[in-house]
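Worksheet for the structure shown next.
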Amino acid sequence: MADAESGEERRGAFRLQAVLDAFRGCVDEQGDVLLAEYLLGWKELVRFINGLGAVFSFISRDAATKINILQGLLDREEAHNYRTLQAMARLEVARTPAFSAAPGHVHSGCRDFLRLHRALLWLHLFLEKLRMSDESSERPSVLCAEAYGASLAQHHPWLVRRASALAFRTLPTRQVFLARLGAGPEKEVLAMLGETVPAIVKVYDISQCLYEHYQILSLP
Ligand code: 1PX
């Protein structure tokens, strides 16, 4: 099993191109979300956050845990049931009566996917702000906090919001941040963000529709 990297280890440099390829490639001809490709995108994002320092390790560990749970389902269960988000949701909803209100989260890929799905909204908002920014804009730390406040924060308790706010303050300047995306000169980074954001939005919208359809947007 290809584990998501823990906060301690880091193999190779982050590449925005790999995120773009993964999120672009994770929607199949039927418009279904391929879980293996989706997780590849998240593994690359975890690689980026691991490069930001120990203050972000509580975030990367949580993301890696969820990625590894889903990867484990893909690797161990009958693969066809977990090849796509649609197949996984169909299976889990049919298997558990009153799934959307079932207490706990034993063996539910849908609840862990939901956490990543919510984080994808943060990523979309943040990358769009970054893409639209210039040297006179607010620092990435501020853009990140704004995106978080408009998305993930509503799902997190005070302590997590507080720890996140402290971590955001340590983010580097815009120039350094863009350089770390590993996509060349600023103009090229911004152009690649212009392709990455719509690819992320497409996957987000498909997943959101599915969760609305099954009424599982509040899985505990
Ligand atoms: C192109 C590069 C851009 C930067 C990429 C950075 C990737 C960040 C990955 C963040 C993944 C966060 C997953 C959070 C999932 C979650 O909401 N978990 C909570 C609930 O889980 P539970 O199992 O209990 O229901 C959990 O409580 C969260 C714990 C950790 C805190 C999460 C804070 C998320 C902040 C997101 C912003 C990351 C800042 C990165 C700076 C660039």
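Atoms within a ligand are numbered from 1 in the order they appear, just like the ligands themselves. We use all heavy atoms of the structure for the numbers below, so side chains are in, but hydrogens, waters and symmetry mates are not. Note that this is a predicted model, so its numbers are computed, not measured.
If you look at H155 next to ligand 1, there are no close heavy atoms at all, none under 4.0 Å. Contact annotation: for L181 versus ligand 1, heavy atoms closer than 4.0 Å belong to the side chain alone. For V46, no heavy-atom contact with ligand 1 is shorter than 4.0 Å.
Ring-centre distance between Y148 and F126: not below the 6.0 Å cut-off. Taking the ring centroids of F56 and F48, they lie at or beyond the 6.0 Å cut-off.
Atom NZ of K129 has more than 12 heavy atoms from other residues, nucleotides or ligands within 6.0 Å.
Heavy atoms of H156 come nearer than 4.0 angstrom to ligand 1 in at least one pair. At least one heavy atom of K66 sits closer than 4.0 Å to an atom of ligand 1.
Annotation for ligand 1: atoms under 4.0 Å from non-hydrogen atoms of W42 are 9 (C), 11 (C). Under a 4.0 Å criterion applied to the non-hydrogen atoms of I49, ligand 1 contributes the atoms 8 (C), 40 (C). The distance from ligand 1 to the heavy atoms of V160 drops below 4.0 Å at these ligand atoms: 31 (C). Heavy-atom contacts of L152 reach the following atoms of ligand 1: 17 (O), 34 (C), 36 (C) (cutoff under 4.0 Å).
A donor-acceptor pair is defined here as one N or O able to donate and one able to accept, closer than 3.5 Å; no such pair exists between the side chain of E195 and the backbone of L20.
Nearest-residue assignment for atom 39 (C) of ligand 1 (options F168, F48, F14, Y148; heavy-atom criterion): F168. The nearest non-hydrogen atom to atom 28 (C) of ligand 1, considering only L219, I200, D62, I69, comes from D62.
The shortest N or O to N or O distance between S164 and ligand 1 is not below 3.5 Å. By the 3.5 Å distance cut-off applied to N or O atoms, W122 is not counted among the residues near ligand 1. Some N or O of R111 is nearer than 3.5 Å to an N or O of ligand 1, by distance alone.
Nearest heavy-atom pair, S151 versus H155, reported as atom, atom and distance to 0.1 Å: O-CD2, 4.0 Å. Across all their heavy atoms, E44 and F14 have their closest contact at O-CD1, 3.2 Å.
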Pair W42-L120, side chain to side chain contact (heavy atoms under 4.5 Å, CB included): steps then yes or no | CA-CA 9 Å; W42 274 106; L120 208 56; 3.8 Å; yes
Using the ring-ring contact (aromatic ring centres under 6.0 Å, His included) rule, take H117 and Y204 through it: C-alpha gap first, then chi angles, then the decisive distance, then the call.
-> CA-CA 7 Å; H117 170 67; Y204 179 86; 4.2 Å; yes
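A perpendicular orientation is assigned to the rings of Y38 and F23, their planes being inclined by more than 60° (bins at 30° and 60°).
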